[in-house]
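Inspection log for the structure reproduced underneath, given as structure tokens.
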Amino acid sequence: MKVYKANRKGFINYLVIGSVLLPIAIFFLDKNTFTEKPFILLPLLSPLVLIFWIYFDTFYKIENKELMYRSGFIRGKIEISNINEIVKGKTKWSGIKPALARKGLIIKFNKYDEVYIAPKNNEELISDLMKLNPEIKITE
């Protein structure tokens, strides 16, 4: 089993920073807000929990000839023998996207299925997938 960390560059960093700074800014604007109205934190906490869950729980791994992906509540696995093509350096804006950055990999498998992932090192993941399935077509 080999685990590949997700690339954490891009918009997700701004979300994490913004979600941490917003309660601090509200506190400094009106210090009594949290003591008098603690329920005002509820709308801030749920997105914050979701963002941190996705940020710290996004990774990919190869285990038992399957590529597994996980990003918060998005989870799945792909039989490596079913992977037809890997498009390198592109970004997919719709569909299944357990990724935190741009310029990752579009994994095409079965007949019409595809998933977008963005590991920290695209080349390392491609190399390991090619060892298990040398028939994969690599497109730049």
Worksheet item: Are Ile136 and Ile107 connected in a single hydrophobic cluster, I mean Ile/Leu/Val/Met/Phe/Trp/Tyr linked by side-chain heavy atoms less than 4.5 Å apart?
Response: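 Same hydrophobic cluster.
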Discussion item. According to a hydrophobic-cluster definition based on side-chain heavy atoms being under 4.5 Å apart (Ile, Leu, Val, Met, Phe, Trp, Tyr only), do Ile86 and Ile62 belong together?
Written reply: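 Ile86 and Ile62: one cluster.
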Worksheet entry | Residue pair Trp53, Ile51: steps toward the side-chain contact (heavy atoms from CB on, under 4.5 Å) verdict | CA-CA 5 Å; Trp53 181 28; Ile51 290 167; over 6 Å; no
Fill in: Side-chain touch Asn7/Pro119, heavy atoms, less than 4.5 angstrom
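They are not in contact (no side-chain heavy atoms under 4.5 Å apart), so the answer is no.
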Fill in: OH on Tyr60 to CZ on Arg70, rounded to 0.5 Å
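The OH atom of Tyr60 is 13.0 Å from CZ of Arg70, to the nearest 0.5 Å.
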Discussion item. So, taking the atom named CD1 in Ile78 and the one named CE in Met68, what distance separates them when rounded to the nearest 0.5 Å?
Written reply: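 Between atom CD1 of Ile78 and atom CE of Met68 there are 11.0 Å.
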Worksheet entry | Test side-chain contact (heavy atoms from CB on, under 4.5 Å) applied to Ile117 and Thr58, Leu67, Asn122, the passing residue |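 Checked Thr58, Leu67, Asn122 against Ile117; only one passes side-chain contact (heavy atoms from CB on, under 4.5 Å): Leu67.
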What side-chain donor-acceptor pairs closer than 3.5 Å can you find for residues 125-135, not counting sequence neighbours?
unit_1 : atom_1 : unit_2 : atom_2 : d
Asp128 : OD2    : Lys2   : NZ     : 3.1
Asp128 : OD2    : Tyr4   : OH     : 2.4
Asn133 : OD1    : Glu135 : N      : 3.1
Asn133 : ND2    : Ile80  : O      : 2.9
Asn133 : ND2    : Ile83  : O      : 3.2

Worksheet item: For Tyr116, which fellow cluster members are found when Ile, Leu, Val, Met, Phe, Trp and Tyr are connected by side-chain heavy-atom distances below 4.5 angstrom, either directly or through intermediates?
Response: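 Members other than Tyr116 - counting any ILVMFWY side chain reachable under 4.5 Å - are Val87, Ile106.
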Worksheet entry | salt bridge (Lys or Arg N to Asp or Glu O under 4.0 Å) partners of residues 16-26, not counting sequence neighbours, each pair once |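 Residue pairs with at least one partner in residues 16-26: there are none.
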Item to complete: Return yes when atom NZ of Lys120 has more than 12 non-hydrogen atoms of other residues, nucleotides or ligands closer than 6.0 Å, and no otherwise.
Response: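 Open: at most 12 neighbouring heavy atoms sit under 6.0 Å from NZ of Lys120.
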Worksheet item: Residues two or more places apart in sequence or in another chain: which of them pass side chain to side chain contact (heavy atoms under 4.5 Å, CB included) with Ile96?
Response: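 Expected list: Tyr69, Ile74, Pro98, Val115.
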Fill in: Residues which pass side chain to side chain contact (heavy atoms under 4.5 Å, CB included) with Phe52, listed by chain and number, not counting sequence neighbours
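For Phe52, the residues satisfying side chain to side chain contact (heavy atoms under 4.5 Å, CB included) (neighbours in sequence not counted) are Val16, Ser19, Val20, Leu48, Phe56.
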Worksheet item: Among all residues two or more places apart in sequence or in another chain, which pass the salt bridge (Lys or Arg N to Asp or Glu O under 4.0 Å) test with Lys88?
Response: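 Only Glu123, Glu140 meet the salt bridge (Lys or Arg N to Asp or Glu O under 4.0 Å) criterion with Lys88.
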Discussion item. Could you check whether any side-chain N or O of Thr91 sits under 3.5 Å from a backbone N or O of Lys103, counting only pairs where one atom can act as donor and the other as acceptor?
Written reply: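 Present.
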Practice prompt. Taking all non-hydrogen atoms of both residues into account, name the closest pair between Ser71 and Ala99 and its distance.
Written response: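 Ser71 and Ala99 have their closest heavy atoms at OG-N, 4.5 Å.
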Item to complete: Kindly state each residue pair satisfying side chain to side chain donor-acceptor pair (under 3.5 Å) with at least one member in residues 74-86, sequence neighbours excluded.
Response: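 For residues 74-86: Asn82-Asn110, Glu85-Thr139.
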